[in-house]
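Proteins come first, then strands; the chains are lettered A, B, ... in the order of their sequence lines, and each starts at number 1.
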Amino acid sequence: MPTPKDTVQAILSGGARRIAPGSAVEVLLERPRHPEHGDYASNVALQLAKTLGRKPRDIAEDIIAATRGEIDQSGACEPLQIAGAGFINIRLKQASKTQIVRRILDAGAAFGRQAADKPQRIQVEFVSANPTGPLHVGHGRQAALGDALAALLESQGHAVTREFYYNDAGAQIQNLALSVQARTRGIKPGEPDWPEDGYAGEYIADIAKEIVDANDLDAIRRYAVTFLRKEQDADLQAFGVKFDVYFLESSLYADGKVEAAVRGLIASGKTYEKDGALWLRTTDYGDDKDRVVRKSDGGYTYFVPDVAYHVTKWQRGFAKVIDVQGTDHHSAVTRVRAGLQALGIGIPSGYPDYVLHSLVKVMRGGAEVKISKRAGAYVTVRDLIEWVGRDAVRFFLVSRKADTEFVFDVDLALAKSEENPVYYVQYAHARVCSVLAQWAGDPASLGAADLAFLKSAKELQLAQRLAEFPEMLGNAAVELAPHAVAFYLRALAGEFHSYYNAERILVEDVALRDARLALCAAVRQTLANGLALLGVSAPEKM
RNA sequence: GCGCCCGUAGCUCAGCGGAUUAGAGUAUUGGCCUCCGAAGCCAAGGGUCGUGGGUUCGAAUCCCGCCGGGCGCGCCA
């Protein structure tokens, strides 16, 4: 069933096509900044002014005349009005605005979810931390972003797989093993025998305590990796993030995928030998320099398993893949895509998609805490969760556009933990629950409330905000921008608090009371649905 | 130096498929609990949207230069 907005939009589109045959104008309804400009506005007349060579206001006049009958018949809105330079302002009828309440109560947890026009199998790869240390704040941002993104895409009708990839065989793992071994022998970071590029964190010493045979490097490696993987799993669990697939880099070698990728690249004719190494002409695909595939010592660069890994994503049937990574990996974007293109196996040129996030800067005591595994001192996801709670960390980390630098002021988060934005949204949810509890009626009965009693400006504004929820989710999914959900929830909660302070819900008049309760219940449902997407709880009491 | 990203209120950030008078939180100031939860609400002050050009009837939004910041620029991962 189309929404009132869809109805008006369709009628206006038809009108515009009749006024300007052949022109491919798309009528988009936008929310005006100022309420006096109506609930929606269209600038279609201004867009057509140039091609038609006529004044925008005259065109608007014609469009309104051409659609008057349909508009009246639809009952969706008041008669259209011209304003300003030639805008068509649209004022929805009261019933058009409030009907969303019933829709929400009917849909329940499904409100906002929609079937995709073209459902896809989508993979979101995120965190992908190597098992060389605990998860730090940057991983936390990735976990919050990636998990919310995955949930968002699921809500829009796609089949989403959450995947964690890690390097379990490279030089960093070797450094890890050597670091633990050194610790078992009582060598500390900075001392003469400490391994070059060793990991200095105290957690290395914790692992070393468990090692019985300091000479068995292989056993040390296995133990350290297992130990750290378990730690990371515990962190992720505490953060409420679950993965469907853990993909090991070593499996790419074991299954011959790396060799296959190299053969494929050579067969493509895009490689050449130089200085004893094998190079790929990635510059043919927009890279700023060609890349080495096989080093002169015979080993492969990390670029090869990277390509092989993405080939498996394609072969596993993921039409769309989103890699969530820090911006420090942005040079890999062009390179990986180039490698996939060179193989010539039908992978689209924009594959995979990337969501790159700036790294998180942690401030503590007025100074920046450097995030460095080597230095050993950094804030972990676990630290943050202990300080401000899981909900606050998740909400906070997903509340900013991915590509802006994020300053996480630990002192502020600690000192003002109760003023964290997440509580504002959760509080709105708890407030509705509290009102419903005092009313003590059957929420299912609210679907029958007469919504004609919702007339105040705040009530209609709230209803309009609720109606935006599905559209907002759709946009956020397309834009890969989960922060939009957090901003929406903040706005919805704000309007609810304002309403709650302005009007009493549990009034004597039963019909009015039920209408208001229905609106509140719809707000509660929408808040709960939005918070669920972000992995944040919606408490009934706080 | 080259490439990508960013520069909006004191601070943290939205808006950036152009459009009618620039937004929110926070901080500051002043109000609101005999009343459904004051973790709340109402109000005030605070911005030449980094800067200079360009396109346009119209630019925070699109294009170019410059300044400032981040990241990358390995036969490391």
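In this structure, CZ of A/Arg31 is placed 15 Å from C1' of B/rG15, rounded to the nearest angstrom. If you take CZ of A/Phe303 and P of B/rG72, they are 19 Å apart, rounded to a whole angstrom. If you measure from atom CZ of A/Arg291 to atom P of B/rC75, you get 8 Å, rounded to the nearest angstrom. What separates CG of A/Leu356 from C1' of B/rG72 is a distance of 11 Å, to the nearest Å. Between the NZ atom of A/Lys541 and the P atom of B/rA39 there is a distance of 16 Å, given to the nearest Å. Distance, A/Tyr300 OH to B/rA77 C1': 18 Å, rounded to whole Å. At whole-Å resolution of the value, CZ in A/Phe406 and P in B/rG7 are 16 Å apart.
Contacts of A/Arg490 with the nucleic acid, taken as non-hydrogen atoms under 4.0 Å apart, involve only primed sugar atoms and P, OP1 or OP2. At the heavy-atom level, A/Glu503 lies under 4.0 Å from base atoms of the strands shown. Within the nucleic acid shown, A/His497 comes within 4.0 Å of sugar-phosphate atoms alone, with no base atom in reach, counting heavy atoms only. Within the 4.0 angstrom heavy-atom criterion, base atoms lie near A/Glu540. Residue A/Phe487 is classed as a sugar-phosphate contact, given heavy-atom separations below 4.0 Å to backbone atoms only.
You'll find a donor-acceptor pair under 3.5 Å spanning the side chain of A/His330 and the base of B/rG3, going by distance alone. Between the base of B/rA77 and the side chain of A/Tyr302 there is a donor-acceptor pair shorter than 3.5 Å. Side-chain to base pairing of A/Ser434 with B/rG37: one donor and one acceptor N or O lie within less than 3.5 Å of each other. No N or O donor and acceptor, one from the side chain of A/Thr404 and one from the base of B/rC6, sit under 3.5 Å apart.
A/Phe487 and A/His483 have perpendicular rings, their planes meeting at more than 60° on a 0 to 90° scale where under 30° would count as parallel. Using bins of under 30°, 30° to 60° and over 60° for the plane-to-plane angle, the ring pair A/Tyr309/A/Tyr165 lands in the parallel bin.
B/rC76 sits 36 Å from B/rC13 when the P atoms are compared, rounded to a whole Å. When the P atom is compared between B/rC6 and B/rC42, the two are found 33 Å apart, to the nearest whole Å. Using atom C1' as the reference point in both B/rG18 and B/rC71, the two lie 30 Å apart (nearest Å). Spacing between B/rA9 and B/rG74 at atom P, rounded to whole Å, works out to 36 Å.
For A/Asp328, the listed nucleotide lying nearest its side chain is B/rG72; candidates were B/rU12, B/rC6, B/rG72. Residue A/Asn89 places its side chain closer to B/rU20 than to any other of B/rU20, B/rC75, B/rG40. Side-chain atoms of A/Leu46 lie closest to B/rA19 of the nucleotides B/rA77, B/rA19, B/rU21. Which of B/rA77, B/rC75, B/rG37 sits closest to the side chain of A/Tyr427 comes down to B/rG37.
The aromatic ring of A/Phe87 stacks onto the base of B/rU20, its centre lying under 5.5 Å from the centre of the six-membered base ring with the two planes under 30° apart.
Salt-bridge formation is not detected for the pair A/Lys458/A/Glu503: no Lys NZ or Arg NE/NH1/NH2 atom is positioned less than 4.0 Å from an Asp or Glu carboxylate oxygen.
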